[in-house]
Number of protein chains: 4
Amino acid sequence: MRVKDDTKVNTIFEATTKLTSELGLSRLTMSSIAKKAKMACGTLYIYFDSKEQLLNELYKHLLISGTLSLLPSIQHLPLKKQFFVIWSNVLKFRVSNSCEVIFMHQFRYSSFVSEETSNLDKQFLNFIKDLLDQGKEELIIKNMDNCLLVPLLYGYANTLARQMAIDKVVLTDAIIEQSFHVCWDAIKS
Amino acid sequence: MRVKDDTKVNTIFEATTKLTSELGLSRLTMSSIAKKAKMACGTLYIYFDSKEQLLNELYKHLLISGTLSLLPSIQHLPLKKQFFVIWSNVLKFRVSNSCEVIFMHQFRYSSFVSEETSNLDKQFLNFIKDLLDQGKEELIIKNMDNCLLVPLLYGYANTLARQMAIDKVVLTDAIIEQSFHVCWDAIKS
Amino acid sequence: MRVKDDTKVNTIFEATTKLTSELGLSRLTMSSIAKKAKMACGTLYIYFDSKEQLLNELYKHLLISGTLSLLPSIQHLPLKKQFFVIWSNVLKFRVSNSCEVIFMHQFRYSSFVSEETSNLDKQFLNFIKDLLDQGKEELIIKNMDNCLLVPLLYGYANTLARQMAIDKVVLTDAIIEQSFHVCWDAIKS
Amino acid sequence: MRVKDDTKVNTIFEATTKLTSELGLSRLTMSSIAKKAKMACGTLYIYFDSKEQLLNELYKHLLISGTLSLLPSIQHLPLKKQFFVIWSNVLKFRVSNSCEVIFMHQFRYSSFVSEETSNLDKQFLNFIKDLLDQGKEELIIKNMDNCLLVPLLYGYANTLARQMAIDKVVLTDAIIEQSFHVCWDAIKS
DNA sequence: TATGAATGAGCCTTCATTCAT
DNA sequence: CATGAATGAAGGCTCATTCAT
């Protein structure tokens, strides 16, 4: 991906997420993206090597801007607070970016996912794992294998956000708090 | 006259699940299924009208045999016990049928899902919702909107089972109990 | 074509003409014929070697029973009378056998027509040509190359009959006489 | 950028008519057209939405250029003269475009004909009907239902042209005049 | 850099024919 | 004779990618 024109890349990204949420990943074609982005089919190949790369770049972009970017700034907070901030941010981002969430959801289990993207996904999971390990030491979190705890957080967040995107639910503080309450009860010691 | 062979549908189903878990749904072609099932391409169309129908029938078959079929038999049990039996069975089925789980996971969010299949999915969800409502009346379950509780159970089960399928984890009673414990803490009042 | 069961051959012929007039020759499949004739697909191949042969046999059967069979008996009549009888019979047969006419029409210009069938068609044309030649000698018919006269008779009969089959016109004596009048004026000296 | 080539449609049309006259409509495949036209299979779909559309467009093109286009310019001529001009032009066009005539003939009774094409066909027939009606008022044409007169003109023209195409007859003025003479005698009062 | 016409491998599906029963 | 499940070659069409302009 050449960084020749950032606006164009964004236009392509927006067209891709919108189309995916409208038609589904399986009906997403390069020419439909080009059409939606009001450019020629070949132009896409100036910015991306292939369809696979385009989708992976988009996923990475969304993962970083929607999740990973907010992790570093909260490491000084107490553990439960950290979880709450992450939970709250993840939920807020996802609900206010429903097209993006639908894209991420469809992409995550597709055959397009590259090794590299898969690793990026794990970065976030590792951050969560570290947090959980820390919580176990502080005797706050259930002393249980992470592979039993992580799927709960991950699966709940994804499923909840996706459902809310589909149902077009407006995210209130009450929903954030209640859902976090459920989460926390699940993992707390 | 060659008798219409009932095993053939099963052969097709097995070939389909195996191929999906090997290559992914997007690379699953009718001719690859035929090849894997050691029959001609056209034979598939004797048993199914289309690729879409084949996949939907397979999904329905797996959903019923893996989940729905055990629901009626447990309605006399106390609530928590019912949840445990369902949880335990869902997990057991999924872990011992990893190809099937991967297929179900990929299919569920694909563009192949028919209206009818979607409704069958909702049947199971409704059963869970009824159970939750009953629990709320008994003051055992958190008095919270079902749309906050269901995604937890649904998302956790799917994500956990998928992860275990990928990691080829052997399901022990300890894992079943621990994961159920997590679940129950999440939803209990 | 084995002559094992004449009833069956007729059943097959009827199914074929009906289906062709309902769906068109291009949608006529061997299995649809079998289904309509209430027999198995393979049974058709006991009576006919191939689809091509079936259709050619049917065409020949219709051509003979509807046209050629009545030619020999009228050779003693005066020329104009002969033309009238042929015209009248051709028209009557075709109008009261609209499915058959539609089949013949679609088949005649299809790629199924065999050499042999094509020759049979010419037999009828030759009979007409002989009649025309005779008429020219008697100075009754225009002294003109047959290749200019025959297409008129042939084209008019086919087109008229086909149109009447489509419009479901009831054939009256008046129509027979009027159309013959048109024909005769065209070719008479 | 490669400019969308207007000749390409003509190349496709020529390939299609040639192939149809060589192999018949039923053996006409999109890939055979592409091969004959020396382009890729997919290119056909840049210019036409489907095989059906391609064939209908070609038929319409031939009908308009070969028949309909000359109708408006002759309305000031006396009736018999109009008939002669039409007859003469139709014949000339058809004889010098034998592949096209064979295509039109095969296409006209195929299952590809769209509603729209069918209507275009009727336009020409209506023009002829109007001419006949006018002739009846002038007492020049037989006072007879059009559905008896039109099939003669239509059937004769098609059958004659097709036969001449097959026999590769060279069209002389004598043939035009003689065949018109036959026609006129048929319909004149 | 930008365009979009052109490419062609590959997909789903059909259907004439065969063959085991 | 009769059956109809099984076959597999081919057809229409799609779409990621290339390339001439």
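Just so you know, these numbers come straight off a predicted model, no measurement behind them. Chain letters run A, B, ... following the sequence lines, proteins first and then strands; every chain starts at 1.
- Straight-line distance from the CD atom of C:Glu52 to the C1' atom of E:dT17: 14 Å, rounded to whole Å.
- With rounding to whole Å, A:Ile33 atom CD1 is found 11 Å from F:dT17 atom P.
- Considering only the side chain of A:Ser50, F:dT17 comes nearest among F:dT17, F:dC13, F:dA2.
- One atom, NZ of D:Lys8, and another, C1' of E:dT7, lie 11 Å apart when rounded to the nearest Å.
- The C:Thr29 side chain lies nearest to E:dC15 when the options are E:dA9, E:dC15, F:dG8.
- Checked against E:dG8, E:dT3, F:dT7, the side chain of B:Met39 finds its nearest nucleotide in F:dT7.
- Straight-line distance from the CE atom of A:Met30 to the P atom of E:dG8: 20 Å, rounded to whole Å.
- Using a cut-off of 4.0 Å between Lys/Arg side-chain N and Asp/Glu carboxylate O, C:Lys18 and C:Glu100 are scored as not salt-bridged.
- Note on C:Tyr47: a side-chain N or O is less than 4.0 Å away from OP1 or OP2 of F:dA2.
- Aromatic ring orientation, C:Phe103 versus C:Tyr59: tilted (interplanar angle from 30° to 60°).
- Ion pairing between A:Glu116 and A:Lys60 holds under the 4.0 Å rule for side-chain N and carboxylate O.
- Side-chain proximity of C:Ile46 to the nucleotides E:dT13, F:dT3, E:dT7 is greatest for F:dT3.
- For C:Cys41, the listed nucleotide lying nearest its side chain is F:dA5; candidates were F:dT7, E:dA2, F:dA5.
- If you check F:dT7, E:dG4, E:dA16 against the side chain of B:Ala40, the one that comes closest is F:dT7.
- Straight-line distance from the NZ atom of A:Lys51 to the P atom of F:dA16: 4 Å, rounded to whole Å.
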